[in-house]
Each structure stands twice: as C-alpha cells, then as structure tokens.
Amino acid sequence: MKFSANNREKFLKAFRTKSFDLIVIGGGITGAGIALDAASRGLKTALLEKSDFASGTSSRSTKLIHGGLRYLKQLEFALVKEVGSERAVVHKLAPHLVLPEKMLLPLREKRGFGSLITSFGLKLYDWLAGVVGKDRRLMLTRRQTLRREPLLKKDDVKGGALYAEYRTDDARLTIEVAKKAVKYGAVALNYCKVDKLSYSEIGSVNGVCMTDLISQEVIQIKGSVVVNATGPWVDELRELDKSLIGKRLHLTKGVHIVLPRKKLPIKQSIYFDVSVDQRMIFAIPRGRTTYVGTTDTNYDKEIDKVVIDQADAQYLIDGINENFPKVKLRVKDIESSWAGLRPLIHEDGKSASELSRKDEIFISPTGLYSIAGGKLTGYRKMAERVVDMVIDNSPIRKEAIKCYTHKIRLADGQLINSRAVRRYVNQLKKRLPSLGLRAELSSYLVENYGKQTEKILLDLSKFSDEDRKLALLKSELHYTVRKEMTCSSVDFFMRRTGRLYFDFKSVIKYKDEVLDALTLMLDWDENKKQQDAKRLELEISNARNFLQKQ
Ligand code: FAD
C-alpha cells in the first residue's frame with residue numbers, strides 16, 4: 001500500500017477487516033523498528049501511532065547514533081558494545097541519514113578525567129564498538145585541540161581527544177523505518193490512538209480498540225499479540241492492562257537549544273563539561289545552525305506537554321559561555337528548541353543521570369508485551385529481541401524466518417556509502433542553480449531524503465512560484481504527503497523537514513503558503529485549515545517558550 005496521506009481510508013479498511021499476528025502500539029523508533037522486523041519476517045503487522053510518527057521522544061533526542069561514551073563510566077560494557085556496534089550497521093543501512101562525525105573532547109586542568117584515563121577509556125570504547133583504522137580515537141596536544149577549536153576557553157585546556165560518532169535526524173530515521181515496514185506489508189498509520197485493549201474469554205489480550213483522530217472513527221482491531229512500544233507512555237498502557245506492578249518508568253527531561261551558526265561558529269562537534277554540575281553536553285553544527293544539549297532532570301508533569309523552560313535555556317547558555325567565552329550568548333539569541341522525555345526504568349536511590357539506558361521487555365499476565373528504556377541507536381537490536389520473544393512464546397508463525405533487518409537498506413534509491421553520499425551532494429551543488437535554487441541546499445536535501453531528492457526535484461516544475469525556495473518547499477510537501485503520510489503542517493515542518501528547529505525563519509516566512517498548499521493536497525475545509533494553523537502556531541510558540549518569561 002502506498003504510504004500516502006490520501007490513502008488513509010485503505011489503511012483504516014485493513015484495520016477493520018484484517019486480523020493481525022502482531023499489533024504494535026507506538027510509532028516512535030522502537031515501534032517502527034519492531035514493525036519492520038516483524039513484517040520483514042512475514043508476520044501480519046499493524047503499527048498504530050496516536051499522533052505523528054516520531055512525535056514523542058524519537059524527534060527530541062540529541063540526534064546522535066552513538067555508543068554512549070558516558071555509559072562506560074557506569075561500567076555498562078554490554079550496552080556500549082551493543083549500541084557501539086550498531087552505529088556501523090545503521091550507518092550502512094542509511095549512509096545519507098547516519099553520517100560519520102568526529103567528536104572533539106577537550107581535556108581540562110583539574111576537571112574531568114586525565115589524559116591517560118581518557119585515552120584508555122576511548123580505546124576501550126573503540127574496542128567494544130569494533131572501531132577500526134582511521135576512525136580510532138586520536139589523542140591531541142593542547143595546541144592541536146585549540147587549533148581544532150579556537151573558540152574554546154584557553155586557560156585550562158591541557159589536551160583533547162577525537163573519537164568517532166555518527167549524527168542523524170531521529171525523526172527522519174523513524175519515518176524511513178516506518179516507510180520500509182509498510183513496503184514489507186505492515187499496515188502503519190499515524191493519528192490512531194489506542195484507547196483500550198481487548199481480551200479473550202480466558203483473559204489474554206487479543207486486540208485493541210483505537211480511534212482515528214482525523215475521522216473520529218472507532219475501530220476494533222484483532223491481533224494475536226500486542227506490543228506496547230509507547231516510550232514515555234508505556235506505563236499508561238500497562239495501567240490500561242491493569243498490569244502496572246513491579247518495575248516502573250522514571251521519566252527524565254532533556255532539552256536542546258538551537259542557535260544561529262554565526263553566533264556559535266564552532267568548527268566541529270564537541271562534547272564538553274559544565275562546571276556547575278560536572279555534566280557533559282554536546283554542541284553540534286547542523287546547516288546554518290549549531291544545536292546544544294542536553295539537560296537531564298526528573299519529570300513528573302504532563303507527558304503530552306513537554307517544553308523547555310527558562311532555567312533549562314539559561315543552564316545551556318551558561319555552559320556555552322563558560323566554555324566558549326568569546327561568544328557571549330544570551331537566552332534571546334536562541335532561535336528554536338525542543339524538549340523530550342527519556343523513558344528510563346526506575347531504580348531506587350539513583351539520580352536521573354545515573355539511571356541505566358538499557359532496554360527491558362515486560363510480559364504481563366494477559367500477554368501484553370511492553371518494551372521500555374533503550375536508545376535510538378539500538379532500535380534494530382531491540383526490535384529483534386522483541387520479535388524473537390514473540391515468536392518463541394506464541395504459536396504465531398513459528399516458521400517465521402530469522403531477523404535480517406541488518407540487510408534491509410532504508411530509503412529508496414539507496415546511496416551505498418559515505419563516498420556516494422558526498423559525490424551526490426557535489427553533483428547536486430552543480431545542478432541546483434540551474435533550477436533556481438542555492439547550491440548550499442544540496443546538503444540539506446541529501447541528508448534529509450537521500451536519492452529520494454530526485455523525486456522532489458522532478459516535481460519542482462509543477463510549482464510555478466517565482467520564489468524557487470517556496471516552490472521547493474511545496475515539492476517537498478507534495479512528496480511527503482504522498483510518500484510519508486504527512487497529515488499536518490506540524491508533521492511537515494517538524495518531523496519531515498526539521499525546519500521548525502533548523503530553519504525557523506523559513507517556517508515563519510512560508511507557513512501561510514504551505515498551509516494553503518496542504519489544504520488543497522488534503523482537501524480540507526476552512527475549519528480544518530484553521531485547526532491546523534492553530535496547532536502550528538502552538539508548536540512555534542513552544543519552540544520559543546523560554547522567551548515568554550523574559
Ligand atoms: P517514543 O519516540 O516516545 O515513541 C512512543 C510513541 O508512542 C509516541 O510517538 C506516542 O505518541 C505513541 N503513543 C503513546 N501512547 C499511545 C497510544 N495510546 N496509542 C498509540 N500511540 C501511542 N538515543 C540515542 O541513541 N542517541 C541520542 O543522541 C539520544 N539522545 C537523547 C536525548 C534526549 C534529550 C532524550 C530524551 C533521549 C535521547 N535518546 C538518544 C534516547 C532515544 O531518543 C529514545 O530512546 C527513543 O527515541 C525512544 O523511542 P520510543 O519509540 O521508545 O519512544
């Protein structure tokens with residue numbers, strides 16, 4: 001089935017009429033990963049997301065596919081080994097979307113670890129993750145460190161280290177995984193909220209009752225196994241199942257701020273500590289911006305309304321000014337932001353930062369599977385474990401084949417490796433001006449869509465706007481509505497293009513035109529259009545929430 005927003009009725013019909021082997025609740029990276037794993041092994045799979053795909057934590061991370069260097073300090077060797085090795089696998093599956101990025105780790109007098117321990121730690125990190133060749137860690141002298149990042153506070157830098165990580169776009173990764181799951185036969189739909197679970201006469205879960213939040217239709221879906229992959233909402237679903245006993249979630253909030261690159265013109269990604277609480281934070285250049293994060297604070301408010309507050313913003317701004325004294329940033333320099341919740345598993349007596357990032361699977365007495373914890377980076381392995389367990393424990397499709405998602409490349413028209421990605425970026429740089437577009441847009445397009453960019457450029461001629469950037473935006477909208485289930489302007493600006501974070505001004509400039517175009521594409525009436533406009537304004541204001549109390 002085509003993953004098109006104009007095709008929703010076909011997806012809903014499948015929910016009404018089919019009976020599934022597996023129903024996955026939650027369209028974040030965990031749920032999308034499980035759906036792809038299950039569908040590719042031949043299981044009849046449904047994936048239900050109450051808002052948009054990746055609208056939970058999976059669009060609000062630091063956007064790194066990383067081994068989690070700091071988990072070494074917590075002696076979580078198995079976790080570092082698994083996610084460290086997964087980096088290379090996920091990079092191979094989507095080299096345009098998971099890009100190698102060297103991380104600079106400055107070493108300071110009387111702060112953090114010494115150079116000997118760091119050198120050993122990074123060597124262990126490389127070894128656990130199977131890093132080879134020139135990607136292995138490189139220790140730097142004070143001079144080399146300051147040459148790599150001249151903006152660093154010079155007084156106490158005594159050296160540094162460079163090590164390999166990957167950067168990504170978490171929401172796009174989730175959407176590509178969900179898209180691929182649909183290609184393998186999964187029926188996956190956003191704006192489908194599970195309200196209730198249904199049970200057999202002997203009390204085993206055998207389906208769900210969901211509401212399509214667009215048409216308000218209520219549908220009963222039958223499924224042999226139900227998996228709860230709802231991230232921060234996992235306990236809400238366990239409560240519905242009356243099985244919230246024993247281990248519980250412990251939610252911690254993490255925020256990121258986005259600054260214009262010219263205000264924080266660092267030369268590369270950097271991981272540095274903040275003296276007020278000795279935590280480490282990242283600063284990562286992306287396009288015309290640099291983003292910085294994150295915080296890690298306990299959270300017990302409404303899960304559906306997580307926003308940055310002024311204290312979060314000030315903490316990160318102070319951390320930057322302390323480490324890069326020349327930039328002299330103020331909260332009002334922040335262009336955009338996001339806040340997310342880590343769905344961690346509670347451990348008595350441990351602080352937010354000390355809690356393990358390991359995933360765990362709970363099976364309730366009714367047979368509901370819930371998966372909690374984990375990281376974006378480890379999504380594929382987590383999915384494999386869940387589906388293995390489902391197949392082992394139940395009569396469904398015992399003949400199902402073994403997991404092979406490590407061979408399923410994401411995104412159509414694959415670019416096979418980093419070299420092919422670079423070559424394609426350079427090719428586009430030459431082609432874009434002849435289409436009336438700036439050459440610099442090539443990196444944005446390739447890192448978002450990979451080779452799928454060709455489809456967007458092909459449709460560009462359908463849009464006659466004199467402002468070609470607007471025409472491009474409309475062509476992207478057209479593509480993402482028809483191929484990626486974009487159902488609202490927020491889906492488009494936040495999760496299909498990342499513009500609400502990384503090109504904030506373009507959202508303000510073009511939002512009305514995009515709304516008009518979307519109204520036509522989705523055949524909305526005026527009421528629907530106004531509702532959508534309101535939701536977009538809310539997200540625009542949330543991204544700048546820190547300004548409200550200035
Ligand atoms: P989510 O993405 O939250 O998905 C759950 C989904 O379930 C949501 O979309 C929600 O709408 C849906 N849902 C809830 N209830 C229902 C219902 N009743 N019916 C239907 N759908 C429902 N990991 C990394 O590997 N690298 C990083 O750099 C990194 N940085 C991070 C930084 C921060 C600040 C945070 C918070 C996390 C970070 N992580 C990182 C961890 C990673 O982002 C998460 O582990 C991952 O995104 C969790 O995905 P998920 O699918 O389990 O949850």
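Atoms within a ligand are numbered from 1 in the order they appear, just like the ligands themselves. Throughout, residue positions are numbered sequentially from 1 according to the sequence presented.
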Which bit of Asp195 is near ligand 1, meaning a heavy atom under 4.0 Å away: side chain, backbone, both or neither?
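Neither part.
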Could you verify whether a donor N or O on one side chain and an acceptor N or O on the other, from Asp359 and Tyr379, lie under 3.5 Å apart?
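No, Tyr379 and Asp359 have no side-chain donor paired with an acceptor closer than 3.5 Å.
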Which one holds for Ser59 and ligand 1: side chain close, backbone close, both close, or neither close, with close meaning a heavy atom under 4.0 Å?
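Neither; nothing of Ser59 gets under 4.0 Å from ligand 1.
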Do any heavy atoms of Thr252 fall under 4.0 Å from ligand 1?
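The answer is no, since Thr252 has no heavy atom less than 4.0 Å from ligand 1.
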Nearest candidate to atom 5 (C) of ligand 1, where distance is taken over non-hydrogen atoms, out of Leu376, Thr230, Leu48:
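Among Leu376, Thr230, Leu48, the closest heavy atom to atom 5 (C) of ligand 1 belongs to Thr230.
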May I ask which of Pro232, Ser61, Gly26, Gly340 has a heavy atom nearer to atom 29 (C) of ligand 1 than the others do?
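Nearest option to atom 29 (C) of ligand 1, by heavy atoms: Ser61.
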With backbone taken as N, CA, C and O and side chain as the heavy atoms from C-beta onward, which portion of His66 lies under 4.0 Å from ligand 1: side chain, backbone, both, or neither?
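Looking at His66 and ligand 1, just side chain atoms fall under 4.0 Å.
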From Ala32, Ser58, Gly28 - option closest to atom 48 (C) of ligand 1 by heavy atom
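Of the listed residues, Ser58 has the closest heavy atom.
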For atom 26 (N) of ligand 1, which of Ile371, Leu64, Thr62 has the closest heavy atom?
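Considering heavy atoms of Ile371, Leu64, Thr62, the nearest to atom 26 (N) of ligand 1 sits in Leu64.
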Quick one: which ligand 1 atoms are inside 4.0 Å of a heavy atom on Gly374?
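Checking each atom against Gly374, I get 45 (O).
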Qualifying residue, where the test is side-chain contact (heavy atoms from CB on, under 4.5 Å) with Lys253 and the options are Asp309, Asp296, Val307:
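Of the listed residues Asp309, Asp296, Val307, the side-chain contact (heavy atoms from CB on, under 4.5 Å) partner of Lys253 is Asp309.
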Work out whether the distance between some heavy atom of Gly33 and some atom of ligand 1 is less than 4.0 Å.
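Distance cut 4.0 Å: Gly33 fails for ligand 1.
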